[in-house]
Amino acid sequence: KATDPTHVLESTPRSGSLPSTQRNPPVPPFVMDRPVLNAFVRELVEHERLVELADALPTRARVSESALPVLLASLHERLGRGLVVLLPEDADARDAAEGAAWFLGDDQVGLLPSRGVSWESGLAPPPHLVGERSRALHVLERGGLVCASARALAEGLPPLKARPEAIELRAGLEPAV
């Protein structure tokens, strides 16, 4: 059957379309969902200096602000595991996380900001910061990249048993209540 010309035509996609028959399942979504800028990351992953930096971790490095997002994304891809990057301020961590998400995708990058209020104040932190911190822990648990501010790490986290379980929402997913 392999030499039959109709077999070749049936299994060859035309004009870039994906085959949809059972014999030729469509390309898995994770291949198609990569951001366009991920091409830069794939190029840098094997660069000699990035390999040296990855092998030297944990270490300090001076990186220009504009190159930081692509460096972090490439380092994360090179390591193939969860990575936490410590930055001096919440704003720096937010900028790095937003930039790295352009290269890795939003689902692979998290931000760990400070609570916004001290534990001693007796005030509850703003809900959006609580959610952002929880999401960062979830991203890290799945092997993602987390950009954390120094203050956020100094504040500490609640014990694992005291943290609420993550709720995932997406189209076609049946929520469990």
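- The stretch residues 89-117 participates, sequence neighbours left out, in no salt bridge (Lys or Arg N to Asp or Glu O under 4.0 Å) pair at all.
- Nearest approach of S149 to S114, heavy atoms of both residues: OG-N, 3.8 Å.
- In the hydrophobic clustering of this structure, V70 does not group with V51; members are Ile, Leu, Val, Met, Phe, Trp, Tyr whose side-chain heavy atoms approach within less than 4.5 Å, directly or through other members.
- Side-chain contact check for F103 versus P69: some heavy-atom pair is nearer than 4.5 Å.
- At a threshold of 4.5 Å between side-chain heavy atoms, the hydrophobic network of Ile, Leu, Val, Met, Phe, Trp and Tyr places L140 and L153 in one connected group.
- Here the shortest heavy-atom pairing between A101 and P35 reads O-CG, 4.2 Å.
- V63 forms part of a hydrophobic cluster together with L50, L53, L57, L68, L71, L72, L75, L79, L83, V85, L87, L104, V109, L145, judged by ILVMFWY side-chain heavy-atom separations under 4.5 Å.
- Residues passing the side-chain hydrogen bond (donor to acceptor under 3.5 Å, both in side chains) test with E132, sequence neighbours excluded: none.
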Side-chain donor-acceptor pairs of residues 39-49 under 3.5 Å, sequence neighbours excluded:
{"residue": "R42", "atom": "NH1", "partner": "N38", "partner atom": "OD1", "Å": "3.1"}
{"residue": "E46", "atom": "OE1", "partner": "R78", "partner atom": "NH1", "Å": "3.1"}
{"residue": "E46", "atom": "OE2", "partner": "R78", "partner atom": "NH1", "Å": "3.3"}
{"residue": "H47", "atom": "ND1", "partner": "R49", "partner atom": "N", "Å": "3.2"}

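- Between the side chain of S134 and the backbone N or O of V130 there is no donor-acceptor pair closer than 3.5 Å.
- Judged as a salt bridge (charged side-chain N to carboxylate O under 4.0 Å, His left out), and not counting sequence neighbours, the contacts of R151 are E155.
- Clustering of Ile, Leu, Val, Met, Phe, Trp and Tyr by side-chain heavy atoms under 4.5 Å joins L111 with none of the others.
- Contact between A148 and A93 at its shortest, heavy atoms only, is C-CB, 3.9 Å.
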